[in-house]
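Reading through the structure tokens given below for one structure.
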Amino acid sequence: MDTVTINAKGISVSLDLTVGHIADMIIESGARRLKPLHRAPWVDAGETLPPDLPRGTVRLSGDFLCAPFSRSDVEEAPLHGWPANSAWDVVDSGATDGGWRAVFRLRHKVMGASVDKIFTLRDNHPFLYQEHVFSGRSGAISVAHHPMTAMKGGGRLAFSPKRFAATPADPLEPDPVRGRFMLAYPGRSSDLGHFPAAGGGTLDLADYRMDDRREDFLTLVEADHGGPGWTALARQAEDDLVLVLKNPAELPVTMLWFSNGGRDYAPWSGRHLGVLGIEDGRTAVGHAASLGDNWLKREGVATAFELGQDRVSFRHVIGALPLSGGGPPRAITTAGGHLRLAGAAASEVPFDSEFLRIGQPAAR
């Protein structure tokens with residue numbers, strides 16, 4: 001069994017056990033079926049792929065755990081680590097009072113620690129509640145979630161308050177023969193609506209335009225605001241709102257990956273279109289960089305978890321709603337068993353407002 005599917009009323013989630021990627025997520029809203037997550041076009045095509053691809057790229061889907069994020073240059077492992085590239089086993093899966101809970105365990109160790117992935121679905125909640133748990137051993141590990149969504153007609157983003165956005169020193173695709181980019185590298189701005197562009201001027205980071213062929217990567221650093229960190233994407237053609245939420249004390253950065261036909265080599269081949277990665281993490285780029293002196297640490301931002309404790313865990317939420325009001329919300333709050341969206345069309349939906357542990361100290 002390569003894929004396992006769990007269900008609660010109004011929602012189902014499928015996990016690809018060969019690599020730990022979410023293969024599918026379906027949310028029922030009236031007569032509609034919302035599918036907020038992306039699956040790479042080559043995964044089910046049966047085509048011959050370059051032989052040196054990491055297994056996680058071959059099976060690229062949905063969301064997965066990166067541990068470490070990006071380069072595995074402390075402990076030998078593929079890009080984004082063993083959790084994104086190797087097999088997971090079902091430890092437990094069963095109905096709960098009002099939903100479903102499943103526990104999966106990575107067969108590989110990470111820095112000597114065992115890793116569990118816990119999925120919780122609640123009846124009539126349009127969200128997947130996730131927790132990852134590292135148990136035992138010592139050392140430190142950088143981590144990130146890697147949810148990806150895709151659009152056919154572009155979309156508009158909104159965020160919880162951020163201190164600033166910054167690109168690294170070099171773009172993902174610096175060679176114009178292989179790909180292209182639009183942001184300045186390095187670049188930085190506290191105004192997300194005016195980020196330095198490669199060709200001069202500025203770009204609005206909240207505007208995802210389908211005619212902008214690009215491969216861009218940047219990091220958003222959370223401001224101190226006391227609430228959940230969140231990203232909301234209003235997908236125009238899909239007529240829905242994709243929501244990603246975190247606890248900023250656990251995952252203080254959000255990395256955005258704009259992948260819209262910006263790579264011309266296999267397996268991307270200009271066909272990876274309209275994709276946005278919303279990658280909440282506790283990391284710099286690469287394991288060694290995350291453990292050493294890096295630019296985020298100099299800004300007071302944690303970039304790894306210490307594994308010397310018996311148990312280290314962090315939580316994350318992904319969901320989707322029908323689009324209301326034409327754009328993303330101005331603000332999101334969680335309290336009293338509901339998630340509330342403020343904007344042109346205010347609304348609220350059922351939500352486990354205790355799950356993200358907002359206001360509680362994170363592991364170090």
Side-chain angles (χ1 to χ4, degrees), residues 1-4 13-23 37 39-40 42-43 49-93 102-119 128 130-148 250-251 253 255 257 267 277 279-292 303-316 318 363:
M1 180 177 61
D2 290 343
T3 302
V4 63
V13 176
S14 300
L15 185 70
D16 181 346
L17 294 172
T18 66
V19 288
H21 294 213
I22 296 176
L37 296 179
R39 188 166 173 85
W42 55 83
V43 175
L49 299 176
D52 58 346
L53 289 179
R55 187 66 179 160
T57 303
V58 173
R59 305 290 300 168
L60 185 66
S61 299
D63 176 40
F64 52 89
L65 171 65
C66 306
F69 179 80
S70 186
R71 296 183 297 273
S72 297
D73 48 9
V74 172
E75 180 180 60
E76 185 177 356
L79 179 72
H80 293 319
W82 292 116
N85 292 275
S86 62
W88 294 71
D89 293 317
V90 180
V91 175
D92 184 43
S93 184
V103 181
F104 310 94
R105 181 162 296 154
L106 182 67
R107 291 183 190 173
H108 267 276
K109 301 288 188 181
V110 174
M111 298 294 289
S114 64
V115 184
D116 286 353
K117 181 191 300 285
I118 304 170
F119 284 1
L128 165 63
Q130 288 192 71
E131 182 174 16
H132 284 96
V133 181
F134 289 73
S135 302
R137 305 303 293 181
S138 61
I141 186 68
S142 61
V143 302
H145 276 267
H146 202 293
M148 299 165 290
E250 297 176 352
L251 305 174
V253 301
M255 297 163 287
W257 173 37
E279 304 164 15
D280 293 324
R282 189 185 188 95
T283 185
V285 177
H287 196 177
S290 298
L291 304 190
T303 54
F305 282 111
E306 296 292 335
L307 295 177
Q309 307 170 58
D310 289 338
R311 185 179 188 272
V312 170
S313 75
F314 53 94
R315 294 179 174 182
H316 196 248
I318 302 170

Between [X] and [Y], what is the shortest heavy-atom contact and its length?
X: Ala289; Y: Val285; answer: CB-O, 3.5 Å
X: Ala284; Y: Phe69; answer: O-CD2, 3.7 Å
X: Thr18; Y: Arg59; answer: OG1-NE, 4.0 Å

### Task
Carefully, step by step, assess Arg55 and His21 under the rule side chain to side chain contact (heavy atoms under 4.5 Å, CB included).
CA-CA 11 Å; Arg55 187 66 179 160; His21 294 213; over 6 Å; no
Determine yes or no for a side-chain-to-main-chain donor-acceptor pair under 3.5 angstrom, with [X] supplying the side chain and [Y] the backbone.
X: Ser290; Y: Gly286; result: yes
X: Trp88; Y: Pro83; result: yes
X: Ser72; Y: Pro78; result: yes
X: Asp16; Y: Thr3; result: no

### Task
Step by step, work out the side chain to side chain contact (heavy atoms under 4.5 Å, CB included) result for Leu17 and Asp2.
CA-CA 5 Å; Leu17 294 172; Asp2 290 343; 5.8 Å; no
Between [X] and [Y], is any side-chain donor less than 3.5 angstrom from a side-chain acceptor?
X: Asp116; Y: His132; value: no
X: Thr283; Y: Thr303; value: no
X: Asp63; Y: His145; value: yes

Would you mind reporting whether [Y] and [X] have side-chain heavy atoms less than 4.5 Å apart?
X: Ser14; Y: Val4; result: no
X: Gln130; Y: Arg315; result: no
X: Trp257; Y: Met148; result: yes
X: Phe314; Y: Val133; result: no
X: Ser138; Y: Leu307; result: no
X: Leu106; Y: Ser86; result: yes
X: Val143; Y: Phe134; result: yes
X: Val253; Y: Asp280; result: no

### Message
Salt bridge check, Arg311 against Glu131: does any charged N sit closer than 4.0 Å to a carboxylate O?
### Response
yes
### Query
Above 12 or not: heavy atoms from other molecules or residues under 6.0 Å from CG of Asp310?
no
### Query
Does the cation-pi check pass for Arg282 over Phe305, that is, NZ or CZ under 6.0 Å from the six-membered ring centre and within 45° of its axis?
yes
### Message
Could you measure the distance from the NE2 atom of His316 to the CG atom of Leu65? Nearest 0.5 Å is fine.
### Response
11.0 Å
